[in-house]
Amino acid sequence: MSEELKTTNFIHDIIDADLASGKRTEVVTRFPPEPNGYLHIGHAKAICLDFGTAEKYNGKCHLRFDDTNPEAEDEEYVQAIQEDIKWLGFNWGENLFWASNYFDAMYEYAVRLINKGKAYVCELTQEEFKDYRGAPTEPGKEPPGRDRSIEENLELFEKMKNGGFKDGACVLRVKIDMTSPNLHLRDPAIYRIKTATHHNTGDKWCIYPMYDFAHCIEDSIEGVTHSMCTLEFEVHRPLYDWILRELDVFQPQQIEFSRLNLTYTVMSKRKLLELVNEKLVNGWDDPRMPTLCGMRRRGFSAESIRKLCDIVGCTKVESISEVELLESCVRDNLNENSLRAMAVVDPIKVVIENYPDELEEEFELPNHPQKEEKGKRTVPFSRELWIERTDYKDDAPNKFKGFTLGREVRLRGAYLATCNEVIKDADGEVTELRCTYDPETKGGSAPDGRKVKSTIHWVSAKHAVDTEVRLYDRLFTVENPLADKEADFKDFLNPESLQLITAKLEPGLAKAKPGTRFQFERVGYFCADKDSTEEAPVFNRTLTLRAPKKVM
RNA sequence: UGCCCGAUAGUGUAAUGGAAGCACAUGUGACUUUGACUCAUAGGGUCCAGGUUCGAACCCUGGUCGGGCAACCA
């Protein structure tokens, strides 16, 4: 946490100045998700900023659901969002709010604007509405009804509220300037009619406030001092300020920052929903998704996601961070914390010819090579083993770490062994290695001090646990699937983003609890999936180890 | 061709008128009972042109390039 408190950015500079000048005496922020989808790592940046800023200044951060559009929103998301924020490590305490709790206040505020002659009911169709608004380069025209009397507007607005109109028959607009160079100031609509059941207010309302009207009022009611949002709302800020000024209420400051983007993925809720709906991934929590629930299932730790958000900082520059940066944060954290184990993902058989058939031994291996305090585990050894197919090579170069005919290799934590014979099938595929071991090298070191550079992992065939392992890779094959505006981003989906295999695990892994993370030595980081059963675990590959230099 | 915003190594981000740093990535080497980790080391940057100043990444002017804005979405 102390590291996070040290972070600073242009927003904190603003806050420092506000505190120093006395403009503000406290800091209140808010994270305002719309419950219409799952949170992704882009949201994590906002969450870290909102909650982290409050923490830094001993202020408060509200969790507020921005539930102003019942058609898009669903209770399902409400729970998931709260779970994800908690998982990330943030706590809103008592400060859980709902935009829908302010619907009465918002209605009153709208009436107040009508009474000031600053809002009017407009019956233009959507087509006409657009037409009257004009274009960026052309001013709009004042719509008919713009100069209706206050009494008539009051009456019409009440009729809207009471269900006296069909959906879309009219809207309430704010009266600003149809010729403004800022399109958002050309009398934007602030209330629309929607006959929809709201997850919170039920059928009480058939009119719902729109974002521009609702959001600033929500912030104001809650006493938010600094309201952070993403760059696309920059042009909305004059409207945000206008509404609160006209209402003469507490005025929070909206500050915009750039979204987090990562290479080899997409960060739009709409596009992620598309992947889910078209079953191109297995749901929102598919470990390939950049959603927090997906990343959690993949095995990414909350700390590493927070670390990433810390490192990428916060600016107004639109950017795409390399996913390698995230991966580095994840590996750093996993290397530190995950226990080691041995698993063979692409097995070939090794028979130790001079090892007694009936003999079994148990070796003690450290759970973490740099952390003795993590203890040891016992791993059984016997005459037949599984090793990685990639750990044998005909005519291997000197630097190759693995078996080749006649070369002595260390079986990690067990013995030194030499391969004497290779058995291949008709296709020339290796099916078995015949080896001999040196009984004097128990534990893996030779009494005569001879150096053996290669160390490989293994699993006793007799004791191995067969299990499903899901090897995940990047979801897309290109850095920015959205770069080509002509193409469908789904065309760039990586066909090899999920590979199902059966691996051989050391027996101690059999009862791994879902969510437990391991490093399978020399293979990668893995996390027990929720699909694990009593009989056999299922593992997700979080990441490979850092890519080694190629030795061919 | 309107309005708004932005531009620092490949990427992300510091330096707030006073020596352009850091991280990731990349190259090389060392260590290693994980080709991991760790350690050492190298290369590489202020969009352009003017101006202000003893001094500019920073301030000013003009360009260039990139992004956003025309849902009854948020």
Side-chain angles (χ1 to χ4, degrees), chain A residues 8-10 13 32-34 36-37 66 68-69 71-73 122 124-126 129-131 133-140 167-173 180-186 188-194 207-208 210-212 214-215 229-238 256 258 260 263 269-270 308 311-329 331-332 335-336 340 342 365-366 368-370 399-402 410-414 416 443-445 452-457 479 519-525 544-551:
Chain A
T8 190
N9 53 51
F10 79 99
D13 291 345
E34 183 187 14
N36 69 344
D66 209 1
T68 58
N69 184 5
E71 281 174 349
E73 295 150 11
C122 174
L124 253 29
T125 64
Q126 286 189 45
F129 189 98
K130 284 181 188 172
D131 185 48
R133 181 173 39 214
T137 50
E138 286 163 27
D167 281 17
C170 51
V171 293
L172 183 70
R173 302 176 73 162
S180 171
N182 182 341
L183 283 302
H184 296 281
L185 261 20
R186 318 244 260 230
I190 59 167
Y191 261 98
R192 77 287 218 190
I193 303 171
K194 267 182 200 292
I207 55 172
Y208 291 95
M210 296 193 53
Y211 171 84
D212 284 315
H215 205 91
C229 62
T230 45
L231 250 30
E232 70 271 26
F233 293 104
E234 214 157 18
V235 284
H236 294 242
R237 183 165 14 102
E256 311 83 17
S258 60
L260 172 68
T263 53
K269 264 199 255 185
R270 212 203 86 237
L308 175 82
I311 287 175
V312 296
C314 182
T315 67
K316 300 188 71 158
V317 185
E318 295 195 54
S319 58
I320 306 182
S321 294
E322 291 176 337
V323 75
E324 286 87 344
L325 187 57
L326 200 216
E327 292 173 347
S328 163
C329 295
R331 287 194 181 100
D332 197 41
N335 175 53
E336 193 76 9
R340 311 297 137 118
M342 291 196 288
L365 275 77
H368 194 295
Q370 280 90 32
K399 283 187 170 177
F400 177 71
K401 299 225 181 185
R410 177 164 28 245
L411 296 167
R412 170 135 206 181
L416 300 179
S445 48
V452 173
K453 278 193 187 160
S454 305
T455 301
I456 67 168
H457 60 284
E479 283 197 352
Q519 184 198 103
F520 294 171
E521 285 189 308
R522 304 209 307 135
V523 180
Y525 295 99
T544 60
L545 260 25
R546 199 175 67 118
K549 286 158 211 144
K550 275 256 170 16
V551 176

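Computation of the quantities below employed the complete heavy-atom set of this structure, encompassing side-chain atoms and omitting hydrogens, waters and symmetry-equivalent molecules. Lettering of chains follows the sequences in order, A, B, ..., and the numbering in each one begins at 1.
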>> For a quick check, with a 4.0 angstrom heavy-atom cut-off, what is the B/S/- contact string for nucleotides 6-14 of chain B, read 5' to 3'?
In response: SS--BSSSS
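For Phe520(A), the ring pair (Phe, Tyr, Trp, His ring centres under 6.0 Å) partners two or more places apart in sequence, or in a different chain, are Phe526(A), Phe539(A). For the side-chain contact (heavy atoms from CB on, under 4.5 Å) test, residues two or more places apart in sequence or in another chain that qualify with Leu365(A) are Met342(A), Phe363(A), Arg377(A), Val379(A), Arg412(A). Under the side-chain hydrogen bond (donor to acceptor under 3.5 Å, both in side chains) criterion, Ser319(A) pairs with no residue, sequence neighbours left out. By the side-chain contact (heavy atoms from CB on, under 4.5 Å) test, Ser328(A) pairs with no residue at all, sequence neighbours left out. For Val235(A), the side-chain contact (heavy atoms from CB on, under 4.5 Å) test picks out Asn182(A), His184(A), with sequence neighbours left out. Taking Tyr211(A) as the reference, His215(A), Phe233(A) meet the ring pair (Phe, Tyr, Trp, His ring centres under 6.0 Å) condition, with sequence neighbours excluded. The side-chain contact (heavy atoms from CB on, under 4.5 Å) check on Asn9(A) picks up Ile11(A), His12(A), Leu49(A), Cys314(A), with sequence neighbours excluded. Listed by chain and number, the residues in a salt bridge (charged side-chain N to carboxylate O under 4.0 Å, His left out) with Lys130(A) amount to none (sequence neighbours excluded). With sequence neighbours excluded, the residues forming a salt bridge (charged side-chain N to carboxylate O under 4.0 Å, His left out) with Arg237(A) are Glu256(A), listed by chain and number.
Looking at the side chain of Ser328(A), the nearest of the listed nucleotides rC24(B), rC4(B), rA70(B) is rC24(B).
In RNA chain B, consecutive stretches of 3 or more Watson-Crick or G-U wobble pairs with both distances under 3.5 Å are given as paired ranges: B:2-7 with B:64-69, B:10-13 with B:21-24, B:26-30 with B:38-42, B:47-51 with B:59-63.
If you check every strand for non-hydrogen atoms under 4.0 Å, Met210(A) touches sugar and phosphate atoms only.
Rounded to the nearest Å, the gap between the P atom of rG63(B) and that of rC5(B) is 16 Å.
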Taking only N/O atoms, report every protein-nucleotides 31-34 of chain B pair under 3.5 Å with atom names and distance.
from, atom 1, to, atom 2, distance (Å)
rU33(B), O4', Arg410(A), NE, 2.8
rU33(B), O4', Arg410(A), NH2, 3.2
rU33(B), O4', Thr455(A), OG1, 3.2
rU33(B), N1, Arg410(A), NE, 3.4
rU33(B), O2, Gly413(A), N, 3.1
rU33(B), N3, Gly443(A), O, 2.6
rU33(B), O4, Gly443(A), O, 2.1
rU33(B), O4, Gly444(A), N, 3.0
rU33(B), O4, Ser445(A), N, 3.0
rU34(B), O5', Arg412(A), NH1, 3.4
rU34(B), O4', Arg412(A), NH1, 3.1
rU34(B), O2, Gln519(A), OE1, 2.8
rU34(B), O2, Arg522(A), N, 2.9
rU34(B), N3, Gln519(A), OE1, 2.4
rU34(B), O4, Arg340(A), NH1, 2.1

